[in-house]
Every structure is written in structure tokens, then in C-alpha cells.
Amino acid sequence: MRIGVLTGGGDCPGLNAVIRAIVRKGVPEYNYQFVGFRDGWRGPLEGVTMPLDIPAVRGILPRGGTILGSSRTNPFKVDGGVDQIRRTLMNLGVEALIAIGGEDTLGVAAKLHEKGVQVVGVPKTIDNDLSGTDYTFGFDTAVGIATEAIDRLHTTAESHHRALIVEVMGRHAGWIALHSGMAGGANVILIPEVPFDIDQVCDWVNSRFRTNYSPIVVVAEGATPKDGTMGVLTGEKDAFGHVRLGGIGESIAREIEERTGKEARTTVLGHVQRGGTPSSRDRWLATRFGLHAIDAVHDAAWGSMVALRGADIIRVPLAEATEKLKTVDPALYAEAAQFFG
Ligand code: F6P
């Protein structure tokens with residue numbers, strides 16, 4: 001059997017580990033052949049492929065990014081997109097697809113499955129906001145990078161008696177902010193799930209200065225102020241309708257300076273959180289996802305996604321996993337709030 005593999009959406013450390021595991025088990029154990037589709041759904045849409053055999057996956061385990069390339073192409077936004085994909089698969093003799101992606105890429109996989117395409121999903125995102133799985137790979141690496149940055153920012157903030165605002169990724173969910181902020185001893189953590197009150201933030205900042213410490217405010221890029229309390233920047237939208245974010249950290253720094261009279265600076269971690277080599281935990285999780293994804297293909301478990309539940313890898317319906325995002329539980333946020341101010 002010939003199987004197509006694609007990686008879609010924002011890249012994520014560990015993608016190559018999944019690809020490697022799929023091929024390293026699929027070839028010797030099941031005698032499968034693979035086709036690498038380039039740049040997410042653009043590959044099957046436009047018939048853009050690359051060879052994907054054992055030599056092609058040698059040495060890629062510790063490499064960040066994805067050898068297949070990625071994009072945010074949405075075939076449901078292209079006229080006749082689904083038929084085009086069907087044609088490509090038929091022309092190449094590809095009988096099944098493994099789609100490695102987040103809510104958007106796997107949302108497309110779920111819809112294609114409903115239309116009869118044989119597809120299995122693997123959850124990926126540094127944001128950790130996919131339902132159905134305890135964790136996604138990439139998250140651990142991103143949290144590690146953000147925590148190291150916060151540790152470093154503490155010492156320079158102290159030297160200059162400044163407030164430092166660290167903007168981390170997290171469009172709809174504040175998992176990276178919560179984990180790195182807690183691990184890094186942040187003074188305040190702001191997440192998209194809980195609109196913040198800038199007056200309250202300034203009170204926490206002032207209270208930290210009063211005890212002779214410099215405050216570190218960790219803010220997820222998708223965090224928003226309570227209605228009408230301060231202005232924010234907005235950006236353009238991608239093919240899945242998501243606004244390009246970035247700028248909340250700078251807006252908060254400006255407000256803190258105006259309201260407290262203290263100097264405030266912003267560090268936007270941005271794509272540094274997504275680039276480079278995956279942590280050992282992410283390599284481990286990604287490798288296990290790859291091994292179980294190829295087993296799911298062998299079992300014809302179409303429309304399923306491999307997922308981590310406790311220490312086990314299980315299968316959940318793609319439709320269920322992509323129905324709604326996994327956001328931060330208010331009880332977890334309350335634990336972190338114990339350290340604010
Ligand atoms: O979904 C992962 C993610 O890294 C988000 O945290 C972020 O909002 C988005 O991708 C940025 O996407 P891009 O770099 O592709 O514009």
C-alpha cells in the first residue's frame with residue numbers, strides 16, 4: 001500500500017521525529033511505500049511530492065522544522081479542492097493519508113474523512129490546545145525555551161529596576177504562558193481564557209516593585225483586556241480565518257509605564273519558541289505518535305487521531321478532537337494566581 005504523509009499549520013519541534021517513526025516502522029513491518037506531500041494540504045491539492053523512504057528519514061530525529069515543509073493551505077477554501085485532492089491520490093496510487101497537524105490541518109482531515117478519504121491524524125502544536133490528547137509534542141520544547149528566557153530576563157530586569165513583559169505564543173489557549181510563567185516565577189501571567197484588568201496588573205507590578213523585585217509579566221499573544229479598558233493592535237487573517245497576532249506585550253508595557261511611572265520593556269519570543277531541536281520528551285512523544293499512527297493505518301482506523309492519555313497512546317475520533325479547543329482550566333489558572341503580585 002502507498003501512504004501519503006503531510007505536515008500542516010505552524011511548524012513544531014518533533015515533526016521530523018513523527019515522520020521518521022512512521023517510515024521506520026511502516027517499511028520493514030508492513031511493507032508500505034510512502035509519498036511525502038509538500039507544504040501541508042498544498043501537496044495533495046497541487047500534486048507536489050517528495051520521496052519518503054528510509055534514506056530520506058536518516059538523521060532527522062533531532063532536527064527542528066519539517067522535511068516536508070508546511071503551510072496553512074485550506075483545501076475547503078479552494079474551488080473544487082476536495083476533488084483535486086482525490087485526483088492527486090488516485091494518480092499517485094496513494095490509498096491513505098497521515099496528516100500531522102493542529103486544529104486546522106486535522107479539521108480538514110476530519111472533513112475529508114467524512115467525504116470518504118482514508119486518513120489518520122497525528123496531533124501537533126506547540127500551543128497544546130488540541131482536545132482528545134493530554135499533550136501535543138512541541139509544547140515541552142516551547143515551554144523550555146520560554147522558561148529559559150524568563151530566567152534570563154529576571155536578572156536583567158533586577159539590574160535595571162524595570163518591568164519586563166514577555167510575550168509568548170498561544171492564540172486561543174494560555175498553556176505556554178501558564179507553564180513557563182509558573183516555572184519561571186512570573187509576577188503576573190495573562191492568558192486568552194481570562195480577560196485581564198490592566199489596573200489589577202499595575203497593582204501587581206507596583207507591589208512587586210515595593211518588595212524590591214522587578215516584575216516579569218508573561219502574556220500569551222492571544223490575551224485580551226476586559227472590554228474597553230485599553231487599546232490593542234489587530235492584524236490580517238489567514239486561510240483559516242485566524243488573525244495574525246503580536247503586539248499585546250507592547251500595549252501592556254505602554255500602559256504600565258503610563259500608569260505606574262516605572263520603565264517597562266517587552267520581549268516577544270515569537271518563532272524562537274517553534275524553531276530548533278526538540279526536547280527529549282518531545283522526541284519521545286513524537287516517535288510514539290508516529291509508531292502508533294502507522295499501526296492505525298494498518299488497522300484501517302480511518303478518521304482516528306493518535307493521542308496521549310496518561311502514559312498510553314490511544315485512538316480518538318478526529319471529529320471529536322477537532323470539535324473544540326482544549327483551553328486552560330480556571331482551577332489551574334487559580335493555582336498560578338497564588339504567586340501574582
Ligand atoms: O498554532 C501555533 C502557533 O505557533 C500559534 O501559537 C501562533 O499564533 C501561530 O502559530 C503563528 O503562526 P505563524 O507563525 O505561522 O504565522
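Whatever order the structure lists them in is the order used to number ligands and atoms, beginning at 1. What you see is a predicted model, and the numbers here were worked out from it, not measured in a lab.
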Notebook entry, point to check: Got a sec, which hydrophobics cluster with I145, joining ILVMFWY side chains under 4.5 Å apart, including via others?
Noted result: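 Result for I145 is V272.
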Closer than 4.0 Å to some heavy atom of [X] - which atoms of ligand 1 meet that?
| X | answer |
| --- | --- |
| G170 | 6 (O) |
| M169 | 4 (O), 6 (O) |
| H271 | 13 (P), 14 (O) |

Next item on the list: Using a 4.0 Å heavy-atom cut-off, say whether R72 meets ligand 1 through its side chain, its backbone, both or neither.
Entry: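 The side chain, only.
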Notebook entry, point to check: Hey, does the Lys NZ or Arg CZ of K226 hover above the aromatic six-ring of F196, less than 6.0 Å from the centre and inside 45° of the axis?
Noted result: no
Checklist line | Geometric cation-pi criterion, K262 with F209: 6.0 Å, 45° | finding: yes
Checklist line | Residue pairs, two or more places apart or on separate chains, that pass salt bridge (Lys or Arg N to Asp or Glu O under 4.0 Å) and touch residues 138-157 | finding: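 Listed once each, the pairs are E148-R152.
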Check: So does D295 pair up with K25, basic N to acidic O under 4.0 Å?
Finding: yes
Next item on the list: Answer yes or no: does an N/O atom from D127 fall short of 3.5 Å to an N/O atom of ligand 1?
Entry: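 Looking only at distances, the answer is yes, because the N/O contact criterion of under 3.5 Å is met.
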